[in-house]
Amino acid sequence: MRKIELVDLKTQYTKIQPEVDKAIQEVIDSTSFINGEAVKILKTNLSSYLGNCHIVPCANGTDALQISMMTLGLNPGDEVITPAFTFAATAEVIALLDLIPTFVDVDEKTFNIDPQKIKEAITPRTKAILPVHLFGQSAQMEPILKMATESNLLIIEDVAQAISTKYFFADGSEKYCGTIGNMGTTSFFPSKNLGCYGDGGAIITKDATLAEKAQTIANHGQSKRYYHDIIGVNSRLDSLQAAILNVKLKYLDEYNAARQKAASAYDDRLKELDGLRIPYRDPRSTHVFHQYTLTTTNGSRDALKEELDRNNIPTKIYYPIPLHLQKAYNLAGYRKGDIPISEKLCDSVISLPMHTELDEEQIDYICSTIVKFYKK
Ligand SMILES: *Cc1c(COP(=O)(O)O)cnc(C)c1O
């Protein structure tokens, strides 16, 4: 059996090596390392993939969040509602810009922000809602849109784990995550579903004016070279990374299908174990399985992790500490017990190896080890 990796980028690269190597060499030959042709092509390709929107590439997913919040004109003291159970980047940027993160709880089944909890958290100072489409599945965008309209709030979607996920509206229409709110932000970190070979990110928006402003902010606030109209940042996606992404975007649907196939195979073997809950499939969303995350229901998480470690099966805890209990972002004085479902999930979730190159033998070995653990 091949060694089991949490994420296997090496095998994936081997399969597309000639194309990737050629794309990289072309950039080197052009010496157009910054803002080269490959970056322009990525903007066009990703825009048409997502159904005609504006793409502003930048240096990473965290910068994409920061530039979006700067673009939307949020001011110090404004409150931004965001989930407590997610990666830290959202809270970090909110706090960095002197905004106030208002953390709310998530739905235990979907892991995504709970619309009812958003409603309860809105105050006169609330300016924006920042849902994160966690693990590859969309947050409940229809009720979130409705609340945003009613309370005049902006929506920034964090799509770092859900690029190419579709959300289904009640009327049967569908949209890609990232194109539903005012702005979407994504990351091309190597292990993401669409990942490059270094750091990268992008801002997504249907609004041409916002796109132009975001582009200006990402480029030192320059409307034209050496004319600085607003305070910006320096955040670029380099041409080499864009060239790699142009190759990998062609395979994105295929890659997602491989992840979904692995997830279904896990589901089949793990669905009936006492003490373990397989990932919920939300009928309002597709699932691109950035992570395959199990929930233990009988306090067995840490023992399960140790057993898998002993059998050379890598796993990860996404995430061990909810954001409201992180020292750096706890500006509102939250205490343990304030956001109970997020806290409980941090103690009970475990993510299995998930990538495009898992084979049947590996999945069988992983599942057999888990089944044996629970049937002991
Ligand atoms: C990866 C990730 C980010 C940050 O992306 P970087 O490119 O590493 O800055 C932000 N939000 C979520 C949910 C992520 O998973």
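Remember, it's 1-based here, ligands and their atoms both numbered in the order they're listed. Keep in mind the model is a prediction, meaning the values are calculated, not measured. Note: hydrogens, waters and symmetry copies are ignored here, and every other heavy atom, side chains too, is used.
For the pair Lys192 and ligand 1, the shortest N or O to N or O distance falls below 3.5 Å. Residue Tyr319 has no N or O atom closer than 3.5 Å to an N or O atom of ligand 1. Considering backbone and side-chain atoms alike, Gly61 places an N or O below 3.5 Å from some N or O of ligand 1. Checked by distance only, ligand 1 and Asp199 stay at 3.5 Å or farther apart across all their nitrogen or oxygen atoms.
Listed by number with element, the atoms of ligand 1 under 4.0 angstrom from any heavy atom of Ala89 are 10 (C). For ligand 1, the atoms lying closer than 4.0 Å to a non-hydrogen atom of Val132 are 13 (C). Interface of Asn60 with ligand 1, defined as ligand atoms under 4.0 Å from a residue heavy atom, comprises 7 (O), 9 (O).
The environment of CG in Asp274 is sparse: at most 12 heavy-atom neighbours from other residues, nucleotides or ligands sit within 6.0 Å.
With Phe188, Phe189, Tyr318 as candidates, the residue nearest to atom 8 (O) of ligand 1 on a non-hydrogen basis is Phe189.
Just one of Lys3, Arg2, Lys10, Lys15 meets the salt bridge (Lys or Arg N to Asp or Glu O under 4.0 Å) condition when paired with Glu357; it is Lys15.
Shortest contact from atom 4 (C) of ligand 1 to any protein heavy atom: Thr62 OG1, 3.6 Å. Remark: minimum distance from atom 3 (C) of ligand 1 to any protein heavy atom is reached at Phe87 CD2, 3.7 Å. At the shortest separation from atom 13 (C) of ligand 1 among protein heavy atoms lies Asp158 OD2, 3.5 Å.
A salt bridge between Arg269 and Asp364 is present, with a side-chain N of the basic residue lying under 4.0 Å from a carboxylate O of the acidic one. Of the charged side-chain nitrogens involved, none lies within less than 4.0 Å of a carboxylate oxygen, so that Glu142 and Lys146 do not count as a salt-bridged pair. Salt-bridge formation is not detected for the pair Glu19/Lys22: no Lys NZ or Arg NE/NH1/NH2 atom is positioned less than 4.0 Å from an Asp or Glu carboxylate oxygen.
By the side-chain contact (heavy atoms from CB on, under 4.5 Å) test, Asn152 pairs with no residue at all, sequence neighbours left out. Judged as a side-chain hydrogen bond (donor to acceptor under 3.5 Å, both in side chains), and not counting sequence neighbours, Asn112 has no contacts.
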Determine, stepwise, if the pair Ser164 / Asn256 fulfils side-chain hydrogen bond (donor to acceptor under 3.5 Å, both in side chains).
CA-CA 9 Å; Ser164 72; Asn256 287 336; 2.7 Å; yes
